[in-house]
Amino acid sequence: MVYLITSGTSSHDSLRQDYFEPSLNRCEPVEWLHFQKQSQDPGNFMSGDWLDSVGWATRNALDATKIVPQGRVMVIADLDITWLPGAFTELERIAQNGIWAMKETRKGLINTGIIASQNTSPFRWLLDQVIEEMESSRVHDQDALRNIAFDRVNLLPSSFANTKTLGMTKRKDILCYHAICSIADDQESSVDKKKKLLDKFIDGD
């Protein structure tokens with residue numbers, strides 16, 4: 001069984017309760033470890049307490065490696081994701097061979113919305129290095145992982161889709177959808193924008 005690791009502040013409760021968790025109910029079983037904290041911050045990308053919350057989530061992922069049995073597959077995921085049946089079976093299969101992360105764009109790049117690996121010493125080392133890079137350079141987890149990943153991280157297939165890569169895979173073959181690229185403005189928070197993206201995906205429009 002896959003161990004699913006998530007972290008969220010109160011600003012992301014609606015994403016977890018209305019999208020992430022209901023979509024899990026249609027998937028194969030996982031062992032879900034969720035870290036939660038209260039926050040008055042709206043959770044907008046690159047503003048307020050967002051960067052500190054991302055660092056907290058990465059430390060939670062490292063802490064989770066002390067809970068998950070050695071060698072078992074861990075999937076570290078953001079909460080702005082809807083899952084489809086087969087996703088975790090495929091992640092478990094893929095993670096038998098190295099460390100994997102979501103593809104950010106058609107041209108590649110790493111997106112940390114999903115990271116999958118067996119619980120191994122190289123994976124724990126990588127998470128520790130990401131935390132050090134975040135703290136020393138004051139960058140978010142994605143930039144930190146890109147800075148240190150080199151050839152240590154493989155890119156997941158496009159069936160693990162996001163806002164930028166959705167058109168790369170036939171709809172029937174998609175295993176999840178990650179609502180990225182939702183920057184807040186004066187009218188809407190980034191969380192509210194993500195909900196519209198997730199609604200559209202779920203409704204099939």
Side-chain angles (χ1 to χ4, degrees), residues 1-8 16 20-21 23-35 54 57-134 140-162 164-166 168-169 172-180:
M1 181 178 291
V2 168
Y3 284 76
L4 176 63
I5 315 301
T6 59
S7 297
R16 173 173 54 83
F20 190 96
E21 188 167 1
S23 72
L24 280 183
N25 292 334
R26 62 191 178 191
C27 293
E28 53 276 29
V30 297
E31 189 70 34
W32 186 13
L33 305 178
H34 178 68
F35 296 82
V54 170
T58 308
R59 291 189 295 274
N60 292 341
L62 183 59
D63 288 343
T65 65
K66 303 170 185 174
I67 301 170
V68 175
Q70 297 279 323
R72 298 297 293 273
V73 170
M74 299 177 61
V75 175
I76 301 165
D78 289 350
L79 290 170
D80 52 349
I81 291 174
T82 55
W83 300 96
L84 291 165
F88 297 104
T89 298
E90 182 65 3
L91 287 169
E92 186 170 27
R93 184 190 69 79
I94 288 173
Q96 302 301 318
N97 183 25
I99 302 169
W100 298 76
M102 176 173 268
K103 185 185 301 181
E104 165 82 3
T105 66
R106 290 173 178 266
K107 295 182 179 180
L109 293 178
I110 290 171
N111 181 285
T112 52
I114 299 175
I115 301 173
S117 173
Q118 290 180 305
N119 186 9
T120 62
S121 55
F123 183 54
R124 295 188 292 272
W125 177 88
L126 187 67
L127 291 175
D128 186 64
Q129 292 301 302
V130 168
I131 292 168
E132 285 193 16
E133 178 70 8
M134 291 178 70
H140 55 73
D141 58 341
Q142 196 152 272
D143 283 345
L145 185 57
R146 288 173 180 173
N147 289 346
I148 65 173
F150 302 108
D151 58 350
R152 297 184 179 95
V153 176
N154 306 293
L155 292 175
L156 288 167
S158 301
S159 52
F160 295 92
N162 62 50
K164 294 181 180 179
T165 63
L166 186 57
M168 295 179 67
T169 305
K172 66 181 181 61
D173 296 327
I174 289 174
L175 293 173
C176 79
Y177 175 68
H178 180 203
I180 64 170

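Every heavy atom of this structure was used, including side-chain atoms; hydrogens, water molecules and symmetry mates were not.
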Handout entry: Over all atoms of both residues, closest heavy-atom pair of Gln118 and Ala95
Key = CG-O, 3.4 Å
Problem - Minimum side-chain heavy-atom gap Gln96-Val73 below 4.5 Å - result: yes
Practice task
Test side-chain contact (heavy atoms from CB on, under 4.5 Å) on Leu127 and Ile76 and set out the steps.
Solution key: CA-CA 11 Å; Leu127 291 175; Ile76 301 165; 4.2 Å; yes
Practice task
Using atom types as modelled and distance alone, determine if a side-chain donor or acceptor of Thr58 lies under 3.5 Å from a backbone N or O of Val54.
Solution key: yes
Problem - CG/Asn97: more than 12 non-hydrogen atoms of other groups inside 6.0 Å - result: no
Handout entry: Point-to-point distance, once rounded to the nearest 0.5 Å, from NE2 of His140 to CD of Glu133
Key = 11.5 Å
Handout entry: Side-chain donor/acceptor of Asn119 to backbone N/O of Val68, under 3.5 Å
Key = yes
Exercise for the section: Find out whether Leu91 and Leu156 are in side-chain contact, i.e. whether some heavy atom of one side chain is under 4.5 Å from a heavy atom of the other. Expected result: yes
Handout entry: Pairwise distance CD1(Ile148) to CD(Glu132) - rounded to 0.5 angstrom
Key = 8.5 Å
Handout entry: Minimum side-chain heavy-atom gap Ser23-Tyr177 below 4.5 Å
Key = no
Problem - Stepwise side-chain contact (heavy atoms from CB on, under 4.5 Å) test for Leu24 and Leu4 - result: CA-CA 10 Å; Leu24 280 183; Leu4 176 63; 3.8 Å; yes
Handout entry: Separation between CG of Asp143 and CE of Met134, rounded to the nearest 0.5 Å
Key = 9.5 Å
Exercise for the section: Would you mind reporting whether Ile174 and Leu84 have side-chain heavy atoms less than 4.5 Å apart? Expected result: yes
Handout entry: Test item: Glu28 side-chain N/O and Phe88 main-chain N/O as donor-acceptor pair under 3.5 Å
Key = yes
Problem - With sequence neighbours excluded, residues passing salt bridge (charged side-chain N to carboxylate O under 4.0 Å, His left out) with Asp80 - result: Lys194
Problem - Arg146 side chain to Ile110 backbone, donor-acceptor under 3.5 Å - result: yes
Problem - Atom pair CZ/CG of Arg106 and Leu166 - distance to nearest 0.5 Å - result: 9.0 Å
Handout entry: Side-chain heavy atoms of His34 within contact of Leu79, under 4.5 Å
Key = yes
Problem - Between OG1 on residue Thr169 and CZ on residue Phe160, distance to nearest 0.5 Å - result: 10.0 Å
Practice task
Can you see which heavy atom on Ser7 is nearest to which on Asn60, and at what distance?
Solution key: OG-ND2, 2.9 Å
Practice task
Output all residues satisfying salt bridge (charged side-chain N to carboxylate O under 4.0 Å, His left out) with Asp63, sequence neighbours left out; order by chain, then residue number.
Solution key: Lys66
Exercise for the section: Could you pull out all residues at least two apart from Arg93 that satisfy salt bridge (charged side-chain N to carboxylate O under 4.0 Å, His left out)? Expected result: Glu90
Handout entry: Side-chain heavy-atom pair Ser158, Lys103 within 4.5 angstrom cut-off
Key = yes
Practice task
Mark yes or no for whether Asp128, through its side chain, and Arg124, through its backbone, hold a donor-acceptor pair below 3.5 Å.
Solution key: no
Exercise for the section: List the atom of Cys176, the atom of Ile81, and the distance in Å for their closest heavy-atom pair. Expected result: CB-CG2, 4.2 Å
Exercise for the section: Indicate yes or no: at least one non-hydrogen side-chain atom of Arg26 is less than 4.5 angstrom from one of Thr82. Expected result: yes
Handout entry: Nearest heavy-atom neighbours spanning Thr6 and Ala77
Key = CG2-O, 3.4 Å
Fill in the blank from the handout: Nearest heavy-atom contact between Pro85 and Cys27 is N-SG, 3.8 Å
Problem - Donor-acceptor under 3.5 Å (Glu104 side chain, Asn111 main chain) - result: no
Handout entry: Check: Leu126 and Ile115 side chains under 4.5 Å, non-hydrogen atoms
Key = no
Practice task
Classify the ring geometry between Trp83 and Phe20 as parallel (under 30°), tilted (30 to 60°) or perpendicular (over 60°).
Solution key: perpendicular
Handout entry: Under 3.5 Å: donor-acceptor pair, side chain of His178, backbone of Ile180
Key = no
Handout entry: Spacing of CG belonging to Leu109 relative to NZ belonging to Lys164, to within rounding of 0.5 Å
Key = 8.0 Å
